[in-house]
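Taking it in order: structure first as structure tokens, then the write-up.
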Amino acid sequence: MKLNIKDTFSKELPSDSNQINSRRKVFEATHSYVKPKPPKDPKLVHTSNQILNEIGLDSPDINSDEFISIFSGAKVYPKTRPYAMAYAGHQFGNWAGQLGDGRAINLFEIEHNNKRWALQLKGAGETPYSRQGDGLAVLRSSVREYLCSEAMFYLGVPTTRALSLMLSGENVLRDMLYDGNADYEKGAIVSRVAPSFIRFGNFELFAARNDIKNLKKLTDYTIKYFYPELGKPSKETYIMFFREVANRTLKMIIHWQRVGFVHGVMNTDNMSILGLTIDYGPYGWLEGFDFGWTPNTTDKQNKRYRYGNQPNIGLWNLLQLANALYALVEEAEPFETILNQYQTDFEAKSLQMMRSKLGLEIQDENDAKLISDLEDCLLQWETDMTIFFRLLSNYKKGFSDKGVDIVYDAFYKPEDLKEAILKQWKVWFKKYDQRLHKEILSATDRKAKMNRINPKYVLRNYMAQLAIDEANKNKYDLINELFELLKKPYDEQPLNEKWFAKRPEWARHKVGCSMLSCSS
Ligand code: AMP
Ligand code: MG
């Protein structure tokens with residue numbers, strides 16, 4: 001197994017001089033060297049061939065002992081030195097101080113086909129940043145991260161990737177619902193891949209300590225490797241950098257809104273500086289369309305991270321990043337302008353995204369009203385978001401009376417639908433029909449276009465749970481099946497129609513399907 005190692009983060013930025021793996025506060029360093037904990041009996045469960053090729057490996061490589069050793073943490077790749085990153089963050093709106101990679105260990109960076117990739121293990125043992133945790137991850141949460149991050153990639157949503165899923169051969173104690181009922185679960189390790197895993201929180205850590213020297217080093221490094229088009233470091237560059245991060249963050253969140261993804265724990269330590277979806281924990285997918293929904297039981301009270309609030313939280317998190325970068329610019333106005341622009345852009349991009357979901361090409365001044373009327377309908381009666389938009393592409397212009405029939409399968413308990421609600425839907429379909437008459441696209445073209453925006457298959461919460469239940473019994477066929485299914489989320493897959501279905505009733509209140517905690 002030959003990798004083109006090109007470490008930059010650990011080589012160019014200051015490391016922690018203390019190399020003992022004890023839990024502590026780390027100052028004036030971006031990372032601490034630490035060795036992964038060799039797992040008892042590592043076993044490969046799945047690999048993503050696409051990312052395998054991206055990093056310059058081939059299918060035969062995964063059968064080597066070396067692959068298992070390196071990506072389970074049993075061995076360290078020659079001439080590399082694993083490390084954990086230091087970062088801080090705001091959790092649920094409150095300053096949390098130093099956090100850091102408590103159970104992620106970066107292995108190395110590689111270059112392949114002019115692309116840079118950082119590889120890290122999640123669940124490979126404790127680090128100086130582990131605080132009260134054990135540094136481990138369980139199979140349940142690892143299957144969820146592994147499947148979802150790859151599914152997001154194929155949906156076209158900016159995301160970190162996953163290379164492999166392994167069992168560690170150890171049992172890990174977890175109190176899944178934080179209710180005092182701890183139990184042992186199988187331990188697992190995911191190897192994650194991204195150009196970089198730097199988060200908003202890495203910048204916040206130095207800013208909070210007024211360590212401007214290292215804040216500048218980290219920012220200059222990030223621009224040099226990941227925003228090189230911005231040029232040499234200067235106040236202007238830092239402002240442009242912030243603008244670009246704001247743009248990418250917004251773009252990512254608009255994608256989330258489009259596909260119905262709810263991250264669940266948008267703390268600033270879970271915000272990538274590259275605008276990638278990162279840290280798949282208590283995330284979930286909208287089934288019934290609901291702005292107020294959050295999968296995260298830890299957030300049940302305030303619902304800070306609910307679906308409809310994600311764009312606002314993106315803005316709030318960017319404000320924390322602006323506060324951190326302020327020290328390099330010492331002027332508030334440019335940041336304020338960018339944050340205001342985010343709000344304007346959000347309105348415009350969100351509208352454009354919704355137009356595309358409805359198959360509308362041209363812009364009409366009444367579109368915002370048409371869309372909010374639709375949202376009103378969707379909120380009146382539990383309606384499956386994915387199924388609704390997918391079926392809507394079958395709508396035939398001039399047949400608004402048939403609208404409800406076309407999307408009927410998207411309604412939960414359709415037999416109980418009240419007359420008044422049906423009437424509201426009929427009114428909406430009339431308006432939609434009138435609006436479609438302003439379009440020039442043929443029905444076939446509209447359908448094809450809509451089906452490239454509205455996925456047919458997403459990783460519904462219960463689907464991941466079924467795969468986890470099987471995996472806990474050492475059966476991995478379903479992981480494989482879902483992985484393949486989600487590689488083509490926009491395609492018709494006649495053999496997979498069973499996954500184009502509403503959430504079954506048994507999953508409505510089941511742990512792991514509708515209720516998730518941060519315990520992982
Ligand atoms: P999260 O909410 O999963 O993004 O985690 C927040 C912080 O807790 C990060 O610093 C994680 O590294 C750390 N953390 C989460 N779970 C564990 C664990 N089992 N062991 C050590 N650190 C953890
Ligand atoms: Mg995290």
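Just so you know, ligand 1 is whichever comes first in the structure, and atom 1 is the first atom listed for that ligand.
- Protein N/O/S atoms found under 2.8 Å from the Mg ion (ligand 2): N270 OD1, D279 OD2.
- Taking both residues in full, the closest heavy atoms of M385 and R258 are given as CE-O, 3.4 Å, listed atom of the first, atom of the second, then distance.
- Annotation: Y154 is not in aromatic contact with Y490 [ring centroid separation under 6.0 Å not met].
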*Derivation and outcome, ring-ring contact (aromatic ring centres under 6.0 Å, His included), residues Y476 and H46*: CA-CA 8 Å; Y476 310 115; H46 206 275; 9.5 Å; no

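- Here F289 and F291 bring their ring centres to under 6.0 angstrom of each other.
- With respect to the salt-bridge test (charged N to carboxylate O, under 4.0 angstrom), the residues E170 and K37 qualify.
- A salt bridge links D384 and R460; the closest N-O separation between the charged side-chain nitrogens and carboxylate oxygens is under 4.0 Å.
- Shown are K122, E185, R103, E145; of these, the side-chain hydrogen bond (donor to acceptor under 3.5 Å, both in side chains) with S520 is made only by R103.
- The residue from Y305, Y283, W256 that alone fulfils the ring-ring contact (aromatic ring centres under 6.0 Å, His included) condition with H263 is W256.
- For ligand 1, the 4.0 Å heavy-atom shell contains residues Y87, Q91, L99, G100, D101, G102, R103, S130, R131, G133, D134, G135, L136, R174, D269, N270, D279.
- The minimum heavy-atom distance between D101 and T127, with the atom names listed, is O-OG1, 2.6 Å.
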